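Notes follow once the structure below has been shown.
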Number of protein chains: 2
Amino acid sequence: MRMSAEERRESVIRAAVTEFARGGYHGTSTEAIARRVGVSQPYLFRLFPSKQAIFIEACRRCTEEVWQVFDRASEGLSGEDARRAMGLAYMELVQDRDRILMQMQMQVAAANTDTAGDPEVGEAVRRAWFELWERVRIRMGGDHGQATEFFGYGMLINSLVAMGFPLDHRVWAGFGDEQTEGRTSGKTEEKTAQKTEQSTEPGPK
Amino acid sequence: MRMSAEERRESVIRAAVTEFARGGYHGTSTEAIARRVGVSQPYLFRLFPSKQAIFIEACRRCTEEVWQVFDRASEGLSGEDARRAMGLAYMELVQDRDRILMQMQMQVAAANTDTAGDPEVGEAVRRAWFELWERVRIRMGGDHGQATEFFGYGMLINSLVAMGFPLDHRVWAGFGDEQTEGRTSGKTEEKTAQKTEQSTEPGPK
DNA sequence: GTCTATAGAAAGATAGAC
DNA sequence: GTCTATCTTTCTATAGAC
């Protein structure tokens with residue numbers, strides 16, 4: 001099916017977000033991306049100069065979409081209200097595992113290429129995250145500490161999602177209700193957030 | 001240089017932690033690990049059945065070492081004291097970037113192999129993290145919410161380290177002093193935690 | 001705008017010698 | 001306990017046709 005170059009590029013980026021999210025930079029072949037788009041693998045290199053260029057575009061797209069979700073959810077709000085709205089919005093974002101995974105893939109890819117002496121990906125990733133961070137911070141009223149806390153909960157959730165652990169209410173409490181109780185915990189002796197895959201005690205060694 | 005198989009295996013695991021931390025599972029060649037150990041690449045497969053087996057061992061080693069650090073730092077302590085001690089200990093752990101990066105590599109590798117239909121790595125990673133989580137939780141007095149909060153700050157720090165952002169005092173505040181002020185922030189209008197690599201505003205677009 | 005064919009370079013793993 | 005040689009697969013990227 002014939003398509004304009006712009007439309008194709010768009011499809012490629014979307015497919016790339018999905019594939020890179022699952023496989024990471026090195027674990028994803030351009031073949032896999034092409035297959036998802038429905039074009040031949042070599043054709044990708046007519047649309048983008050390299051695999052790395054596709055990855056960088058996918059990174060931008062991922063953080064941009066996260067912001068879109070936050071923006072829509074917190075439109076017209078500010079301060080605590082905006083913060084709560086964005087926290088709630090993240091609960092929905094988590095439904096799309098790929099969007100969460102891609103965030104982590106960006107981060108490790110940044111470390112990866114930085115240590116390899118190729119700063120291009122790392123710079124793109126830092127730029128994208130800095131922009132997201134600033135937009136969120138400003139929407140929440142400009143306080144740096146609150147943004148730090150907000151992203152802290154976000155990263156925790158990302159890690160748990162990546163590992164395949166279920167998210168329980170206590171994690172979300174950090175996003176939505178934590179400032180009303182000072183601490184997320186207390187004395188509640190409920191079910192753990194983690195006692196999942198191993199069914200019973202995963203005794204040491 | 002001749003060495004016992006056990007000694008060699010030990011060297012391989014250590015080298016593997018470093019290499020996998022930087023390259024991730026797919027981005028690290030067995031050649032790179034072998035080079036770091038100082039043996040030939042095929043010899044690795046006399047010591048371990050596969051690259052995956054080496055990776056799983058490296059994962060175990062990484063979380064085990066993190067616990068060793070926490071354990072030593074918080075020996076004899078409990079509750080808030082233990083929590084603070086482990087938070088401080090993490091500040092030192094961060095000096096070793098590879099140990100931090102390896103944590104994230106484990107997590108994305110778990111997602112990666114899970115979606116690929118091969119649960120082995122994912123299960124090993126969940127087991128390792130669950131054990132670390134439980135040990136930390138119990139040392140802190142058994143409260144689930146506090147453990148969640150503790151790991152939240154840890155994951156945030158991991159992400160920032162991975163991306164190459166500097167850590168400022170506000171991030172550490174979450175580990176050490178946060179319960180004394182309820183919120184990490186307040187009204188302090190100091191330097192941001194992020195305004196790093198771009199020197200000035202990294203304007204949108 | 002899109003494909004087939006293919007070059008060229010790794011990478012993981014095995015075989016067999018010493 | 002350790003190496004060299006090598007098989008096989010996979011992967012990014014290019015060339016050229018339609």
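None of these values were measured; they are calculated from a predicted model. Chain identifiers are assigned alphabetically (A, B, ...) following the order of the sequence lines, protein sequences preceding nucleic acid strands; residue numbering begins at 1 within each chain.
Applying the ring pair (Phe, Tyr, Trp, His ring centres under 6.0 Å) test to A:Phe151 and every residue at least two apart in sequence or in another chain returns A:Trp133.
In the set D:dC11, D:dG1, C:dT2, the nucleotide with an atom closest to the side chain of A:Arg2 is C:dT2.
One can place CZ of A:Phe48 at 15 Å from C1' of C:dG1, the figure rounded to the nearest angstrom. Taking atom NZ on B:Lys51 and atom P on C:dT14, their separation rounds to 15 Å, with Å as the unit. The CG-C1' distance, from B:Leu44 to C:dT14, rounds to 14 Å in whole Å. Computed from coordinates, the B:Tyr43 OH to C:dA15 C1' distance equals 16 Å when rounded to whole Å. When the P atom of C:dG16 is taken as reference, atom CZ of B:Phe45 falls 18 Å away, rounded to whole Å. Rounded to whole angstrom, the span from the CG atom of B:Leu47 across to the P atom of D:dG1 amounts to 8 Å. Atom CD in B:Glu7 sits about 15 Å away from atom C1' in D:dT2, given to the nearest Å. The distance from atom CZ of B:Arg35 to atom C1' of D:dC3 is 17 Å, rounded to the nearest whole Å.
Listed pair A:Thr30 / D:dT12 meets the phosphate criterion, a side-chain N or O lying under 4.0 Å from OP1 or OP2.
Ion pairing between A:Glu131 and A:Arg135 holds under the 4.0 Å rule for side-chain N and carboxylate O.
The residue A:Arg8 sits close only to the backbone: its heavy atoms come under 4.0 Å of sugar-phosphate atoms, none of a base. Within 4.0 Å (heavy atoms only), B:Ser40 reaches at least one base atom of the nucleic acid.
If you check distances only, the side chain of A:Gln41 does reach the base of D:dA13 with a donor-acceptor pair under 3.5 Å. Counting atom types as modelled, A:Arg46 pairs a side-chain N or O with a base atom of D:dG16 as donor and acceptor under 3.5 Å.
Along DNA chain D, the nucleotide nearest to B:Pro42 and the one nearest to B:Ser4 differ in position, and the one closer to the 5' end is contacted by B:Ser4.
More than 12 heavy atoms of other residues, nucleotides or ligands lie within 6.0 Å of CZ in A:Arg97, so this atom counts as buried by the packing criterion.
Taking every heavy atom of both residues into account, A:Cys59 and A:Val125 meet most closely at SG-CG2, 4.2 Å.
Using a 30° and 60° split on the angle between ring planes, B:Tyr25 and B:Phe20 fall in the parallel class, below 30°.
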